[in-house]
Student: 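Handing you this structure, nothing more for now.
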Amino acid sequence: MCGKAQARVGGGSATSGSTASGQVDDTFYYGFNSRINQNLRGQMKPKIVLRVRSQAPGFWRVLAFDHYTGQGWEVSRNDHSLKLERNNWSYQYFLPIPGSLTRTQEIVQTYTVVSELPNLIPALYRAERLFFPTRQIAIDPEGSLRAPIGLSEDLTYTVISRVPYRDRQVLRQAPTTYSESIQRYYLEVPSAIAQKLRPLAEAWLAKSPQPLTSPYEQALYLTQYLKQHYTVQPELPFLAAQQDLVDAFLFQFQGGYPDHFSTVLTLLLRSIEIPARLVVGFGAGQFNPFTGFYVVRNTDAYALTEVYFPQNGWFTFDPIPGHDLLPPSVEENATFGILRQFWNWVAGWIPSPVSGWIAQVVGGIAGWIFGLITGFLLLFTRGWVGIIVGSLVVVTLSFAGWLGWNQWQNWRYHRWLSQLPPMEGLYQQMLGWLDRQGIRKHPAQTPGEFGHTVQASVPQGKVVNDIAQAYVRWRYGSLTPPLGDLKQRFRNLQRSRRFKAQSQRRRSPPASLPSPNSVADAAKRVVYSGT
């Protein structure tokens, strides 16, 4: 029972697991099934389905598909799931993880189900341990977790994942020799469209100013190209019975539903011998800083493309317009990590007398600070003179603290810029300066979209667009930019009174520029269920 994906499907002329056209269930994401039909139309009504407490945001992965059917996907080895049984005295499952990666971070997640879900268990990629209240679970060949029953309301479970770091330099050097199993399941392209896709993908890659030889750079470039040259089509007509979705997307409609973008990217990568598969799950959701939970809705569910890099594992790419190119994942922040490791090492070697001496020193410093604060407060008990002197001290210290804080922040900002590659540093410096002028980049906008919007909206905005386009060509095409000329033009823009006056007239809440593609913005707010 727990070896198969059990999905609840709602009313409509077709279900997500069939091949006929029809309408989606307005409360349930169509992709949570062992076979999905992407010839459905409609959208879901938002409702909360999960609350997630996690040490890092991410894509709460649910299910992956290896076989493309022409108008959807299926899990070809759905009956080959491995069943696991826990001990009577523990709720813990140790999950098999194929291969061993050198750079990973342990991320603990706790999920609470708010609204009923199928028996598919969301988790960050590379789940290592699972605490779940059933006697059995199953894990399929794609790494997806299944329970023997549906996930009921108020169910809580915990996952510990070993999430790999996304190191661009390492992934660029990943081998291109794939095992027989990888080649068999993740390079399949229907013969009817294979002869069209490979020349198209190669033509797109040929537009890069410099040759892209590594699969990682090719995947990045194709993802960005698809995102920028095709659009979300909310009124997409139904496909004919024998019509191929990818073919219609690329050569007839010039776009499709949001999830169609990931299907197209997956097939394009396969056509040039890069292993890829479709994966569905939930976006991170909306973080609530008061509770510490990520609030996840059914409309946060969508599909991504997972690409395989030998010795590094699977990494996701998001070609949907209005979404970030790379989904959120772990980021290395060793600001206090090194100090903590050093202290733990020292503490293990310090003899007890030395530990006592350190405690006395720390106690003495704390006592001196407490006495200083007490003396300062006593000023306010010595009449009007004490109150005036105390107030002046408070004002002076507050101003000095504010000034010091600003200087420290400014120093940190310039130090951060100096550590970036020159082109990225110029681009980030421009974004910060524009933000202070009241022109803020929307998080869903790509650099190219933002540059075009500023150029169309503000006089002298061509400089902004040129810098943004140079950044895109450097970032995804490895083209050396004319840094000297761009820096000089940016300095001239900063001194331009006309630009500042125009930007001041634009300053009104919210200060963000609108996205240049209203359809893409709509796709950011609502994930269409039929994609």
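One is the number of the first residue; the rest follow in order along the sequence. Since the structure is predicted, the reported quantities are computational estimates derived from the model, not experimental observations.
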Student: I need the L479 CG to Q469 CD distance, nearest 0.5 Å.
Tutor: 12.0 Å
Student: For the atom pair CD1 (I137) and CG (L82), what is the distance rounded to the nearest 0.5 Å?
Tutor: 9.0 Å
Student: Please confirm whether the backbone N or O of D140 pairs with a side-chain atom of R77, one donor and one acceptor, at under 3.5 Å?
Tutor: no
Student: Taking the side chain as C-beta and beyond, is there a heavy-atom pair between T231 and Q254 under 4.5 Å?
Tutor: no
Student: Assess whether atom CD of E85 is packed by more than 12 heavy atoms of other residues, nucleotides or ligands within 6.0 Å.
Tutor: yes
Student: Is R172 salt-bridged to E217, cutoff N-O under 4.0 Å?
Tutor: yes
Student: Regarding Q105 and Q55, do their side chains bring together a donor and an acceptor under 3.5 Å, going by distance alone?
Tutor: no
Student: Kindly assign one of parallel, tilted or perpendicular to the pair H260 and Y257, based on the angle between their ring planes and the thresholds 30° and 60°.
Tutor: parallel
Student: Measure the CG-CZ distance between L431 and R440 for me, rounded to the nearest 0.5 Å.
Tutor: 12.0 Å
Student: Taking atom types as modelled, find out whether Q224 and T446 have a side-chain donor-acceptor pair closer than 3.5 angstrom.
Tutor: no
Student: Should the pair E106-R129 be classified as a salt bridge under the 4.0 Å nitrogen-to-oxygen rule?
Tutor: yes
Student: Using a 3.5 Å distance criterion without hydrogens, assess whether the side chain of K227 forms a donor-acceptor pair with backbone atoms of P321.
Tutor: no
Student: So which atom in D324 and which in P443 form the shortest heavy-atom distance, rounded to 0.1 Å?
Tutor: OD1-O, 3.2 Å
Student: As an exercise, state the distance from CZ of R53 to CG of N288, rounded to the nearest 0.5 Å.
Tutor: 10.0 Å
Student: Side chain of T305, backbone of S262: donor and acceptor closer than 3.5 Å?
Tutor: yes
Student: Nearest 0.5 Å, what's the CG-NE2 distance between N78 and H67?
Tutor: 13.0 Å
Student: Quick check with a 6.0 Å cut-off and a 45 degree axis cone: is R146 positioned over the face of Y93's six-membered ring?
Tutor: no
Student: Side-chain contact, heavy-atom cut-off 4.5 Å: V472 with R475?
Tutor: no
Student: Apply the side chain to side chain donor-acceptor pair (under 3.5 Å) test between Y29 and each candidate in N298, D259, D300; give the one that qualifies.
Tutor: D259
Student: So does R277 pair up with D66, basic N to acidic O under 4.0 Å?
Tutor: no
Student: If you take the centroid of each ring, where Trp contributes its six-membered ring, are Y111 and F132 closer together than 6.0 Å?
Tutor: no
Student: Report yes if some heavy atom in the side chain of I160 is under 4.5 Å from a heavy atom in the side chain of I107; otherwise report no.
Tutor: no
Student: Checking K207 against Y225: charged group under 6.0 Å from the ring centre and within 45 degrees of the axis?
Tutor: no
Student: Could you check Q233 against F249 for side chain to side chain contact (heavy atoms under 4.5 Å, CB included), going step by step and ending with a plain yes or no?
Tutor: CA-CA 10 Å; Q233 307 281 353; F249 179 103; over 6 Å; no
Student: At what distance, to the nearest 0.5 angstrom, does CD of E424 lie from OH of Y471?
Tutor: 4.5 Å
Student: Restricting to non-hydrogen atoms, name the atom on E188 and the atom on L267 that form the minimum distance, rounded to 0.1 Å.
Tutor: O-CD1, 4.1 Å
Student: Side chain of E142, backbone of F65: donor and acceptor closer than 3.5 Å?
Tutor: no
Student: Distance-only, no hydrogens or angles: does the R270 side chain make a donor-acceptor pair with backbone N or O of A276 under 3.5 Å?
Tutor: yes
Student: Quick one: are the ring centres of F261 and H323 less than 6.0 Å apart?
Tutor: no
Student: In terms of relative ring orientation, are Y308 and W314 parallel, tilted or perpendicular, with 30° and 60° separating the classes?
Tutor: tilted
Student: Kindly indicate whether the side chain of I193, heavy atoms from C-beta on, has any atom under 4.5 Å from the side chain of S271.
Tutor: no
Student: Should we count CD of E180 as having more than 12 external heavy atoms under 6.0 Å?
Tutor: yes
Student: Below 4.5 Å, heavy atoms only, C-beta onward: do H452 and N465 meet side chain to side chain?
Tutor: yes
Student: I would like to know whether T266 and Y68 meet side chain to side chain contact (heavy atoms under 4.5 Å, CB included); could you show each step before the answer?
Tutor: CA-CA 10 Å; T266 303; Y68 174 64; over 6 Å; no
Student: Report yes if the side chains of E202 and I272 come closer than 4.5 Å at any heavy-atom pair, otherwise no.
Tutor: yes
Student: Would you say the ring centers of F287 and Y294 fall short of 6.0 Å from each other?
Tutor: yes
Student: Are side-chain heavy atoms of W60 and L124 found at a separation under 4.5 Å?
Tutor: yes
Student: Distance-only, no hydrogens or angles: does the Q71 side chain make a donor-acceptor pair with backbone N or O of A240 under 3.5 Å?
Tutor: yes
Student: Y216 and F317: aromatic ring centres closer than 6.0 Å?
Tutor: yes
Student: Starting from the C-alpha separation in whole Å, work towards a yes-or-no answer on side chain to side chain contact (heavy atoms under 4.5 Å, CB included) for S144 and L120.
Tutor: CA-CA 8 Å; S144 307; L120 305 170; 5.7 Å; no
Student: Output yes when a side-chain donor or acceptor of D244 lies under 3.5 Å from a complementary backbone atom of D247, and no otherwise.
Tutor: yes
Student: Taking the six-membered ring of Y165 as reference, does the NZ or CZ atom of R103 fall below 6.0 Å from its centre and within a 45° cone about the axis?
Tutor: yes
